[in-house]
Amino acid sequence: MAWIYLFVAGLFECGWAIGLKYTEGFTKPVPSLLTISAMAISFWLLSVAMKTIPVGTAYAVWTGIGAVGVALLGMVMLGESRDFLRIVSLLLIVSGIVGLKLISSYKV
């Protein structure tokens, strides 16, 4: 269950990171409220996941989901570059996230 919490926390991280663009420096009330709410939910879910997932793994996965998600949303929503090397770099981050999950499954 902790991995589900962590994954959802990463999705909310994507939401608040993209939301920051629409707050216009927290001068727009509705986008600001939604962004702050997404931040709070993301941090809370991360903290719940960290009850059982090691902090280094949880934080790396959380930020990785956020980084990849925001980059993809930037490409789709904001017309950001879809350069081949950028895609390859994002795939490397995803492979790192998968690797951390697989490693955490093994008890040494």
Side-chain angles (χ1 to χ4, degrees):
M1 195 69 183
W3 283 97
I4 293 170
Y5 289 136
L6 184 58
F7 179 75
V8 175
L11 295 179
F12 274 96
E13 183 188 8
C14 296
W16 69 256
I18 290 292
L20 283 174
K21 179 161 183 66
Y22 296 98
T23 67
E24 294 186 19
F26 291 103
T27 60
K28 297 217 170 197
V30 173
S32 296
L33 180 62
L34 292 172
T35 298
I36 292 168
S37 297
M39 285 177 177
I41 293 167
S42 180
F43 283 117
W44 177 73
L45 289 169
L46 175 62
S47 72
V48 171
M50 283 184 179
K51 288 180 180 178
T52 55
I53 300 172
V55 67
T57 300
Y59 186 73
V61 169
W62 180 70
T63 57
I65 291 169
V68 170
V70 171
L72 292 174
L73 287 170
M75 289 179 206
V76 172
M77 295 173 57
L78 305 172
E80 294 179 0
S81 169
R82 294 182 173 120
D83 181 76
F84 175 75
L85 290 177
R86 189 169 193 218
I87 303 286
V88 169
S89 298
L90 292 173
L91 290 172
L92 289 170
I93 295 171
V94 170
S95 68
I97 293 168
V98 170
L100 287 169
K101 169 62 175 122
L102 292 173
I103 289 169
S104 73
S105 299
Y106 295 106
K107 302 293 181 197
V108 180

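In this text the structure is predicted, and so the values were computed from the model without any measurement. The analysis underlying the following values was restricted to heavy atoms, covering all of them including side chains, and did not include hydrogens, waters or symmetry mates.
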Applying a strict under-4.5 Å side-chain criterion to I, L, V, M, F, W and Y, I'd like to know whether [X] and [Y] cluster together.
X: Ile97; Y: Leu92; value: no
X: Met50; Y: Trp3; value: yes
X: Val94; Y: Leu102; value: yes
X: Met75; Y: Ile93; value: yes
X: Val30; Y: Tyr22; value: no

For [X] versus [Y], what's the shortest heavy-atom pair and its separation?
X: Asp83; Y: Ser81; answer: N-OG, 3.1 Å
X: Leu45; Y: Ala9; answer: CB-CB, 3.6 Å
X: Arg82; Y: Ile87; answer: O-CG1, 4.0 Å
X: Gly15; Y: Ala38; answer: C-CB, 4.5 Å

From CA spacing to verdict: side-chain contact (heavy atoms from CB on, under 4.5 Å), Phe26, Ile36: CA-CA 10 Å; Phe26 291 103; Ile36 292 168; 3.9 Å; yes

Full working for side-chain contact (heavy atoms from CB on, under 4.5 Å) between Leu46 and Leu6: CA-CA 6 Å; Leu46 175 62; Leu6 184 58; 3.7 Å; yes

Pair Ser104-Lys101, side-chain contact (heavy atoms from CB on, under 4.5 Å): steps then yes or no: CA-CA 5 Å; Ser104 73; Lys101 169 62 175 122; 4.3 Å; yes

Rounded distance (nearest 0.5 Å) linking atom CD1 of Ile41 with atom CG of Leu11: 12.0 Å

Spacing of CD1 belonging to Ile18 relative to CG belonging to Leu34, to within rounding of 0.5 Å: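 That separation rounds to 14.0 Å.
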
Return all side-chain donor-acceptor pairs below 3.5 angstrom for residues 63-73, not counting sequence neighbours, or 'none' if the list is empty.
residue, atom, partner, partner atom, Å
Thr63, OG1, Tyr59, O, 3.0
Thr63, OG1, Ala60, O, 3.1

Test ring-ring contact (aromatic ring centres under 6.0 Å, His included) applied to Phe43 - qualifying residues, sequence neighbours left out: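 Listed in chain order: Trp62.
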
Listed once per pair and sorted, the side-chain hydrogen bond (donor to acceptor under 3.5 Å, both in side chains) pairs that draw on residues 23-33, sequence neighbours left out: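 Output for this query is empty, none listed.
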
Working for side-chain contact (heavy atoms from CB on, under 4.5 Å), residues Leu78 and Lys21: CA-CA 10 Å; Leu78 305 172; Lys21 179 161 183 66; 3.8 Å; yes

Any residue meeting salt bridge (charged side-chain N to carboxylate O under 4.0 Å, His left out) with Arg86, in chain and number order, not counting sequence neighbours: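 Partners of Arg86 under the salt bridge (charged side-chain N to carboxylate O under 4.0 Å, His left out) test: Glu80.
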
Residues that Leu33 engages under side chain to side chain contact (heavy atoms under 4.5 Å, CB included), provided they are two or more places apart: Ser37

With Ile4 via side chain to side chain contact (heavy atoms under 4.5 Å, CB included) - residues at least two apart: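 Ile4: side chain to side chain contact (heavy atoms under 4.5 Å, CB included) contacts with Met1, Val8.
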
Flag, side chain of Ser42 to backbone of Met39, donor-acceptor distance under 3.5 Å: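 Answer holds: no.
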
